[in-house]
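On a predicted model such as this, the values are computed, not experimentally measured, just so you know. Throughout, protein chains are lettered first and strands after them, A, B, ... in sequence-line order, and every chain is numbered starting at 1.
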2 protein chains.
Amino acid sequence: MKLTKTEEELMNYLWKLEKAFMKDILDIYPEPKPATTTIATLLKRMADKGFIAYKLYGKSREYYPLVKKKDYFSKHVNALIKNFFNDSASQFASFFTKETNLSKKELEELKALIDSEIKKK
Amino acid sequence: MKLTKTEEELMNYLWKLEKAFMKDILDIYPEPKPATTTIATLLKRMADKGFIAYKLYGKSREYYPLVKKKDYFSKHVNALIKNFFNDSASQFASFFTKETNLSKKELEELKALIDSEIKKK
DNA sequence: TACAACATTCTACATTTGTAGAATCAAATA
DNA sequence: TATTTGATTCTACAAATGTAGAATGTTGTA
């Protein structure tokens with residue numbers, strides 16, 4: 001299952017906050033903030049989909065993510081790759097390197113990173 | 001503007017075919033093929049959004065993409081990066097290298113590629 | 001304790017998306 | 001030319017999405 005755009009946005013805040021009460025969520029939203037009920041609806045839908053849960057402290061809820069950003073995201077990217085690059089990650093990687101505008105420094109860093117990944121294999 | 005999932009799928013076929021009559025599109029869809037009218041609806045919506053157009057040959061239309069896959073895709077990835085990696089492409093790159101399972105060979109290739117990109121800078 | 005501030009649930013509704021039937025029009029063919 | 005085949009438009013509709021008011025319950029506070 002997947003989150004919708006707005007749900008994703010909210011999810012991102014939860015990942016950032018790690019755990020949050022309604023108040024914290026409202027705080028972190030930029031102006032113009034959505035109505036509390038809107039957020040509540042989203043939270044409920046996300047809970048139904050199994051992406052978040054909450055702990056009860058007395059009567060107030062502290063919401064938290066059930067999926068790790070990494071995991072959610074890699075599934076995401078994989079779908080993207082499958083969709084656009086005939087399931088070839090390397091094709092995607094090459095595209096990515098050419099098309100995103102990484103600075104020389106960033107490219108050097110990436111190269112070093114890849115090197116260390118290669119050594120692990 | 002953005003394409004929806006099904007529109008994206010169709011768009012991919014158009015990119016692959018470069019140009020196509022309704023028949024070609026129907027042919028390339030795997031079983032179970034959608035109804036012709038379904039495809040027609042999608043084509044119209046995509047044309048409205050400005051992603052495709054068509055040439056008339058007598059009375060029949062040959063559809064073709066107005067946006068390049070590269071362009072569409074890089075906008076896409078950039079949105080993704082903005083969304084999940086606080087707008088840092090390098091953060092994304094590092095994530096990507098670690099999380100997608102490229103083989104040693106693919107990593108080597110990628111490294112070479114990056115090297116050539118570095119030289120261009 | 002009475003009121004104000006908050007949070008949650010219910011209900012609602014406009015838009016967008018996925019899907020396709022019916023009607024129509026054009027083209028190929030018997 | 002009459003019929004079959006194919007494409008396009010119109011219309012429709014269910015499900016998903018974005019958004020939030022009204023009602024209700026809870027809690028902190030004057």
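The distance from atom CG of L102(B) to atom CG of L107(B), rounded to the nearest 0.5 Å, is 5.0 Å.
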Could you go through nucleotides 8-13 of chain C and list every protein N or O atom that sits under 3.5 Å from one of its N or O atoms, giving the distance for each pair?
{"unit_1": "dT8(C)", "atom_1": "OP1", "unit_2": "Y63(A)", "atom_2": "OH", "d": "3.4"}
{"unit_1": "dT8(C)", "atom_1": "OP2", "unit_2": "Y63(A)", "atom_2": "OH", "d": "3.3"}
{"unit_1": "dT8(C)", "atom_1": "O3'", "unit_2": "R61(A)", "atom_2": "NH2", "d": "3.2"}
{"unit_1": "dT9(C)", "atom_1": "OP1", "unit_2": "R61(A)", "atom_2": "NH2", "d": "2.6"}
{"unit_1": "dT9(C)", "atom_1": "OP2", "unit_2": "R61(A)", "atom_2": "NH1", "d": "3.3"}

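Residues L3(B) and R45(B) have side chains not in contact (no heavy-atom distance under 4.5 Å, counting atoms from C-beta outward).
Nearest-nucleotide mapping onto DNA chain D: of A35(A) and K23(B), the residue sitting toward the 5' end is K23(B).
Comment: K120(B) engages E117(B) in a salt bridge, judged by a side-chain N to carboxylate O separation of less than 4.0 angstrom. Look at K5(B) and E8(B) and you find a salt bridge, because one of the NZ, NE, NH1 or NH2 atoms lies within 4.0 Å of a carboxylate O, short of that distance. A salt bridge links D27(B) and K23(B); the closest N-O separation between the charged side-chain nitrogens and carboxylate oxygens is under 4.0 Å.
K33(A) has its NZ atom 15 Å from the C1' atom of dC6(C), to the nearest Å. Distance L42(B) CG to dA7(D) P: 15 Å, rounded to the nearest Å. dA20(C) atom C1' lies 12 Å from atom CD1 of I39(B), rounded to whole Å. When the C1' atom of dG18(C) is taken as reference, atom CE of M46(B) falls 14 Å away, rounded to whole Å. The distance from atom NZ of K5(A) to atom C1' of dA16(D) is 15 Å, rounded to the nearest whole Å. Taking atom CZ on F21(A) and atom P on dG28(D), their separation rounds to 12 Å, with Å as the unit. Atom pair M11(B):CE and dT17(C):P shows a separation of 15 Å (rounding to whole Å applied). One can place CG of D24(B) at 13 Å from P of dG6(D), the figure rounded to the nearest angstrom.
Note: Y54(B) and Y63(B) have perpendicular aromatic rings, judged against thresholds of 30 and 60 degrees for the angle between ring planes.
Note on T38(B): a base of the nucleic acid sits closer than 4.0 angstrom, heavy atoms only.
Contact annotation: K49(A) reaches the phosphate of dT17(D) (side-chain N/O to OP1 or OP2, under 4.0 Å).
Residues I52(B) and I28(B) are members of one and the same hydrophobic cluster, defined by side-chain heavy-atom contacts under 4.5 angstrom among Ile, Leu, Val, Met, Phe, Trp and Tyr.
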